[in-house]
Every structure is written in C-alpha cells, then in structure tokens.
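Below, read A as the first sequence line, B as the second, and so on, with proteins coming before strands; counting in each chain starts at 1.
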Number of protein chains: 2
Amino acid sequence: MDKIDKKIIGLLQENARYSLKQLAEKVFLSSPAVAARIERLEKENIITGYHASINPIKLGYHITAFINLEMSPTKKDTFYPFVQQCPNVIECNCVTGSYSMLIKVCFPSTMELDSFIGHLQKFGTTKTQIVFSTSVPHRGISITAEDVEAGVSNL
Amino acid sequence: MDKIDKKIIGLLQENARYSLKQLAEKVFLSSPAVAARIERLEKENIITGYHASINPIKLGYHITAFINLEMSPTKKDTFYPFVQQCPNVIECNCVTGSYSMLIKVCFPSTMELDSFIGHLQKFGTTKTQIVFSTSVPHRGISITAEDVEAGVSNL
DNA sequence: GATGAAACAGCCGAGCT
DNA sequence: AGCTCGGCTGTTTCATC
C-alpha cells in the first residue's frame, strides 16, 4: 500500500469509470501494472465496490431523513433483516447513546416517511430529522498525499 | 425514462465498472444504444457520478461518528467552506430540529474526533454518536421494477 | 513493472424499422 | 426517433523480458 495505490484509490473515488489506460497515464505506470494493483486492492477488501450516484429527487424521492431509533437489543434479529431488505433505507448504523440505531431513508413524500416511522414503532421509539439541504454530499474518506503525510486531517 | 433506463441505473449502482457490452447483454440492447442512454442520464443529472467505495478501517480510519451541531444560521458562511474542505467530513446535511447540522465524519481514533469536536465548538453546541457497527452500508435508492410498479417501498 | 501482440470493447456512420 | 449492424479505433489482457 504505497502512494501510487492511494492515488489510484483517489482517482477511482473521483470517477469509478476511468479506464485502466486513463488511470495508467495519471499515475505514470503501464495499464497492466494498474490492473494488477486494482485487483490486489479489491482482493484485500480495501476497495469494496464501484457505485453510480444517482439524484433521488429526479426519481421522485423528494424526502431524505435521518431516524434515530431507540430499540431494545433483543429486537435486532427482526430489525436487521427488515432494514436490509427495505429499499428506502440508504444506510443504517448502530451508534452510541440511547437512540441506538441511526437510519438514513429516502421517500417520495412525507406521507410515506410517516407510514415508515409508524412501522418502526414496533421496534422502539423514534426521533426523526428531515434534511433540508446537503452541503456535503456523501463522499469517501479522502486520501490525498497531504493527508498521508499529515496522518490526520488538516484541522 | 423507461424501465430499461431504470435497469441500467440499477446495474451501475451495483457495479459502476460494468462495460457497455456487459450492460447491453443484461438489458438486451446493443452497446451503442446503452451508451446513448447513459449519456442522456448523465446529461439530465440523474446519474451524478461513479465512485469507488473504500473500507475506511483498512486505511486507518477506525472511528466513524455522526455529529449533531446546533448552530446559528449566521455562521453558515464560515461553516460551509470549513466542512467542504475538511477531508474527514463524509457527509453534511442541514436538517430539521434544534440540532440543525448533521455531520458524518471519519477519524483514525477518538483522539482526532475529540479534537475535531473541539473545533466545532466555535460554531455551536454538539451532540455526538459514535458508530459501533453498520447493518446497512451506504447505498443508493433502489429502483427495481417492483418499486416502480408499487410507487413506494414494499413496507 | 514494461513491452508488444492478440482479443476485446467502444465509437461512428449507414441503413433499417 | 431510436435501434441495429458494419468497420475502424482504442483499450485490456496475456506472454515474455
């Protein structure tokens, strides 16, 4: 895991559809060398996937919200399969604090969100925050050369 | 925006590095036809990008947390550039409720997180939730044929 | 990790439905 | 208008060094 690996990762975070040749030019290596590095990064589970980002609003999903759910741990066995299969769940984390699950969801309107929260009552009590605007859209952790040298962020 | 477009979007969400030919086979179209559709979806800002997902832990970022920040709106002008340039900020949303900003961050350890929260005090009061585990990793809104027909999620 | 050849995929134009 | 088919170009992959 050297500087070139990090550069490749950075480039693939920027645009996962760069061709091997394009990547090779940018890191001053040959295409086969880049291909081998990417294969290794995938095998080591450093790169876990390549995903298209889509605009939920253009698909009619106008409401994004974060739901904090206070749930007794005994309910996990039914809760986890539920959130995993629910297409409106964008992300779900188990977090510290009394509101133990933090769930990010997307819905066409507040009506469907309301209905979803209703279903969540089965699992525990909820506290919902609807997003107004997004100043930083979801992105990967940045791994530029500066960060590497500094070890931590440039606070 | 028909069923085939949605299928293509779904496939690119699953793996953004599928070749045009692979996509073409899966949707029973020719590669040029798929290329034209993708170009259109990008131009219409339905597809906003293609990004590699990486495992933060493998890069030494062991702590992920959500920070709720209660901030007076007058501080936005300095806060927005700050979070946008900070590489540890994975996502930042303006949300309803008294804790107006919800910030997702990644740090090597709790030490750096603590230091970051210290800096945030300039902007307002914070409430932090550290992530223990992730039951649903960040994913795009799913747009399968079933969803399209149902209009909403299969609750 | 580089190079060169062969296989493969992508691109552009013409013709079709 | 949008799709397919053909050929040319560019890209990936494999063998060799």
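Rounded to an integer number of Å, the gap from CD of B/E39 to P of D/dC3 is 13 Å. For the pair A/Q22 CD and D/dT11 P, the interatomic distance rounds to 7 Å; values are reported in whole Å. Look at CG on B/L23: it is 15 Å from P on D/dC3, rounded to the nearest Å. Going from atom CD of B/E25 over to atom P of C/dC8 covers 12 Å, rounded to whole Å. Rounded to whole angstrom, the span from the NZ atom of A/K3 across to the C1' atom of C/dG1 amounts to 20 Å. One can place OH of A/Y18 at 19 Å from C1' of D/dT12, the figure rounded to the nearest angstrom. If you take CG of B/D5 and P of D/dG2, they are 11 Å apart, rounded to a whole angstrom. Between the CZ atom of B/R17 and the C1' atom of D/dT12 there is a distance of 11 Å, rounded to whole Å.
The listed nucleotides are C/dA2, D/dT4, C/dG10; the one nearest the side chain of A/L29 is C/dA2. The side chain of A/L20 approaches D/dT13 more closely than any other nucleotide in the set D/dT13, D/dT11, C/dG10. Checking C/dT3, D/dT12, C/dG1 against every side-chain atom of A/P32, the shortest atom distance belongs to C/dT3. Between D/dT11, D/dT4, C/dC11, one nucleotide has an atom nearer to the side chain of B/S30 than all others, and that is D/dT4. The listed nucleotides are C/dA9, D/dT11, C/dC11; the one nearest the side chain of B/K21 is C/dA9.
Checked by atom type and distance alone, the side chain of A/T64 never pairs as donor or acceptor with a backbone atom of A/C106 at under 3.5 Å.
Between B/Y50 and A/Y50, the gap from one ring centroid to the other reaches at least 6.0 Å. Aromatic ring centres of A/F116 and A/F107 lie closer together than 6.0 Å. Aromatic ring centres of A/F82 and A/F123 lie closer together than 6.0 Å.
When the side-chain nitrogen and oxygen atoms of B/R37 are compared with OP1 and OP2 of D/dG2, none of them lie within a distance under 4.0 Å.
Checked against B/V105 for a side-chain contact (heavy atoms from CB on, under 4.5 Å), the options B/L113, B/I117, B/I90, B/L120 give a single hit: B/L113.
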